[in-house]
Amino acid sequence: MKKELLEKYAHLLVRVGLDVKVGQKVIIEAPVEAYEFARMVTEAAYKEKAGEVVVHYTDSTITKIHSLHRDPKDVAYVEQWERESLSHYLNEGACSLLFASPNPHLMDDLSDERAHAIQTHTNDKRNIIRSKIASDGIQWCIAAVPTQIWAETVMPEEPKETVLDKFWKLILDFVYITEDNDPVEAWTKRKIEKGKIQQKLTDYHFDRLRMTSSNGTDIEFGLHEDATFGTRYVKPTDRPDYVANIPTVEICTSPDKWRTQGKVVSTKPLLLGGKIVDHFEITFKDGKAIDCKAEVGEELLRKTIETDETSGYLGEVAFVPYHSPISLSGYVFYNTLIDENASCHLALGRGFPSCVNAHPVDKSTWEAKHLNDSSIHVDFMVGAKDTSIIGYTKDGKEVVIFRDGDFAEELLESN
């Protein structure tokens, strides 16, 4: 892959993903396999006058070795030094960039108990950053960064000598980077286009949504009267203008914790603790997941649902057209960041206070607006080629949001 294109991507992550401010510190969490690109992003951050760039490398193979030789409770535990290594910089206003670079089959032979321990450890470390996002509004971004093993897993038919370059090309297409364009300008245009749809959905003030697909999904989500899907994009002047996920095309909201009823059937595999869960379904009653089945990884899915008292409730409902660029690529990426942008998806666990105009820290406002709180936020994909989504307003009006897997044409008109 041409160095100039990778440098464009590095600049995009710093400028659009994080919107790094002059003198601000940056934490990068990167797998050891992506060290070359981590150096590139570090250089890009300093060019934008970052105060200090701290790179924390991770090694999934070492993580697996730990999990095989230690008690699962010890694997799940986040040591004090780990907390302090993040908190030290976060307390000084650092922003956070996480590379999404999975090794999808590395943990296949782990027990579900050990995979869940890894998932718990990873999630609890992320909660350190999430708490700072909520309390201090720091910027954060999760971005796809190709590696050789990930590329070979996604594109097994490609020669090993060229697969990484082809995979990089695919990811750069997803994030609107070409040899002759300005990706920052391209992202601004996309924010404006998406913001128009977000505003239109918000203005309907839906009371509930119903999603159905021929694979067996039939589920209804209640919404609080203050629920939003976002608003028209206006570049802020008083806060950082960052993008939390790169790539992203989703439009989402948080449902009423208590008003989810029905069944959803997965349409893509899910990686939990590095281990695959696939071909599964979850049944909800009065908001809570009361049953689940999976052809692959059922115990791990059940453990995730039962992580805490509220992890079985939903925190997110997200719309993604079936004919999105990622979906049209035809690949399964075994990574939620990418796969969730190829399919409508839901998330078990914590909701987004911004979606119901709740206070980011005062949890009493979350309770008042029926927003779920949990130690986890786990997205899983449920959108299909024939997915239908109907919105119902309080006065009984029915609005077609999705027809045959995509936004209804009449919804997009006049945008």
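In this chain, numbering begins with 1 at the start of the sequence shown. Since the structure is predicted, the reported quantities are computational estimates derived from the model, not experimental observations. Hydrogens, waters and symmetry mates are skipped; everything else that's a heavy atom, side chains included, is used.
The local environment of NZ in K21 is crowded, with over 12 non-hydrogen atoms from other residues, nucleotides or ligands closer than 6.0 Å. Remark: E309 CD is loosely packed, at most 12 non-hydrogen atoms of other residues, nucleotides or ligands lying under 6.0 Å away. Heavy-atom neighbours of Y176 OH from other residues, nucleotides or ligands within 6.0 Å: above the threshold of 12. Counting heavy-atom neighbours within 6.0 Å of K169 NZ, excluding the residue itself, gives a total of 12 or less. For NZ of K397, the number of neighbouring non-hydrogen atoms (other residues, nucleotides, ligands) closer than 6.0 Å is 12 at most.
Comment: E398 does not engage R210 in a salt bridge, judged by the lack of any side-chain N to carboxylate O separation of less than 4.0 angstrom. D203 and R232 are not joined by a salt bridge, as no carboxylate oxygen comes within less than 4.0 angstrom of a charged side-chain nitrogen. Checked for salt-bridge contact, K8 and D182 miss the test: no charged N lies under 4.0 Å from a carboxylate O. A salt bridge between E299 and K275 is absent, with no side-chain N of the basic residue lying under 4.0 Å from a carboxylate O of the acidic one. Look at D19 and K235 and you find no salt bridge, because none of the NZ, NE, NH1 or NH2 atoms lies under 4.0 Å from a carboxylate O.
Ring geometry, F402 versus F319: the interplanar angle falls from 30° to 60°, so the pair is classed tilted.
Aromatic pair W150/Y334: ring centres not closer than 6.0 Å.
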After noting the C-alpha distance and the side-chain angles of N181 and T178, does the key distance pass the side chain to side chain donor-acceptor pair (under 3.5 Å) rule?
CA-CA 6 Å; N181 81 330; T178 64; 3.2 Å; yes

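Annotation for T147 and P102: closest pair OG1-O, 4.3 Å, computed over non-hydrogen atoms.
Remark: W258 CH2 to K288 NZ distance equals 9.0 Å, nearest 0.5 Å. The line from SG of C95 to NZ of K132 is 13.5 Å long, rounded to the nearest 0.5 Å.
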